[in-house]
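Sequence lines set the chain letters: A, B, ... in the order given, protein chains first and strands last, and positions in each chain run from 1.
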2 protein chains.
Amino acid sequence: MGLTKTEIFTAEQNRLSVMLKAMAHPARIAILQQIIKSNTCICGNLVDELGLAQPTISQHLKELKNAGLIQGTIEGVSICYCINPTVWSELQTGLGMLLGSYKDIQTCC
Amino acid sequence: MGLTKTEIFTAEQNRLSVMLKAMAHPARIAILQQIIKSNTCICGNLVDELGLAQPTISQHLKELKNAGLIQGTIEGVSICYCINPTVWSELQTGLGMLLGSYKDIQTCC
DNA sequence: TAAATTAATCGTAATATTGCGATATAAAGA
DNA sequence: TCTTTATATCGCAATATTACGATTAATTTA
């Protein structure tokens, strides 16, 4: 298989899982942190900052872009990436709902 | 390959990515929601609630347990699963740092 | 126009994930 | 003890992910 059965879940569950999967890699977490830190929008210097090859970085950027978390605009020869504010707040809302729904009161387990 | 280069990232980045990967599947999101909703700790009725086979559910539970997000205690014949409060708050902190570090002020992209 | 720079894409190898049928394990009840 | 019930594990097939060398595409500069 290797194929996720998305049809038996809600659109919200599938959407959140797509965003989480995009973030579920140390390189992509590092990329997001870099983009946020260097608020001038980072370009291809990610290859220098992280220790991964250029095609690998490019692929990780693509996945973040596919999930909608980041967006890129052409800036001359290089490309300027930044957080997509809309999707970022969608992520915050979705995660907030899930994480916040648990209240540490149960004495069950 | 298929193998993540964890050695070039920080422990925090790797740890967060492990927790996110555990959550990055609609079935596992659904399982977490069920566990939280039925605060009496859910057991094997997940198989009925979700439309997945028993071995598949068992495997998803294992991955959530491996990431530390849930814990299970034997309750007679069945097993009682619940959220691990410590790891849950670790996750909230880690995600809060990452998500909160972005301020929507940039006019860059 | 030619060279340089930057980033995407192609192709491939190694490994991981997903899903499930079949089977094993372990505790409870007859 | 034998059966039932609840889960875990094994093994497998299909697919996805990760990483990167080689190459391509696009833009800027000489």
- Task: Determine, stepwise, if the pair L95(A) / M23(B) fulfils side chain to side chain contact (heavy atoms under 4.5 Å, CB included).
- Result: CA-CA 10 Å; L95(A) 272 174; M23(B) 296 205 305; 4.1 Å; yes
- Query: Using a heavy-atom distance cut-off of less than 4.0 Å, which residues of residues 4-24 of chain A contact DNA chain C?
  - Reply: T4(A), K5(A)
- Message: Going by the rule side-chain hydrogen bond (donor to acceptor under 3.5 Å, both in side chains), which residues pair with T10(B) if we only count those two or more places apart in sequence or in a different chain?
- Response: Q13(B)
- Query: With E63(A), which residues qualify under side-chain hydrogen bond (donor to acceptor under 3.5 Å, both in side chains), at least two apart?
  - Reply: R28(A)
Nearest-angstrom distance from the residue atom [atom1] of [X] to [atom2] of [N]:
{"X": "L46(B)", "N": "dT5(D)", "atom1": "CG", "atom2": "P", "value": "20 Å"}
{"X": "E75(A)", "N": "dT27(D)", "atom1": "CD", "atom2": "C1'", "value": "13 Å"}
{"X": "L50(A)", "N": "dT18(D)", "atom1": "CG", "atom2": "P", "value": "15 Å"}

- Item | ring-ring contact (aromatic ring centres under 6.0 Å, His included) contacts touching residues 10-40 of chain B (sequence neighbours left out) | H25(B)-H60(B)
- Residue pairs, two or more places apart or on separate chains, that pass ring-ring contact (aromatic ring centres under 6.0 Å, His included) and touch residues 31-55 of chain A: none
Residues in side chain to side chain contact (heavy atoms under 4.5 Å, CB included) with [X], at least two apart?
{"X": "E49(B)", "value": "Q34(B)"}
{"X": "T86(B)", "value": "N84(B)"}
{"X": "V47(A)", "value": "Q54(A), I57(A)"}

- Query: Within the structure, does a side-chain N or O atom of H60(A) lie under 4.0 Å from either OP1 or OP2 of dT17(D)?
  - Reply: no
In residues 1-9 of chain A, what donor-acceptor pairs under 3.5 Å come from side-chain atoms, sequence neighbours left out?
none

Under 3.5 Å, N/O pairs linking protein and nucleotides 8-11 of chain D:
| residue | atom | partner | partner atom | Å |
| --- | --- | --- | --- | --- |
| dA8(D) | OP1 | Y81(B) | OH | 2.3 |
| dA8(D) | OP2 | S58(B) | OG | 2.8 |
| dA8(D) | N7 | Q54(B) | NE2 | 2.8 |
| dA8(D) | N6 | Q54(B) | OE1 | 3.0 |

- Query: With a non-hydrogen cut-off below 4.0 angstrom, is I74(A) in contact with a base, only sugar-phosphate, or nothing?
  - Reply: nothing
- Task: For L3(B) and for N45(A), locate the closest nucleotide of DNA chain C by heavy-atom distance; then report the residue assigned to the nucleotide nearer the 5' terminus.
- Result: N45(A)
- Query: What residues, two or more places apart in sequence or in another chain, satisfy salt bridge (Lys or Arg N to Asp or Glu O under 4.0 Å) together with E90(B)?
  - Reply: R15(B)
- Message: Going 5' to 3' along DNA chain C, which are the first and last nucleotides with any atom under 4.0 Å from a heavy atom of chain A?
- Response: dT5(C) to dC20(C)
- Query: Given side chains that start at C-beta, do those of V18(B) and N66(B) come closer than 4.5 Å, heavy atoms only?
  - Reply: no
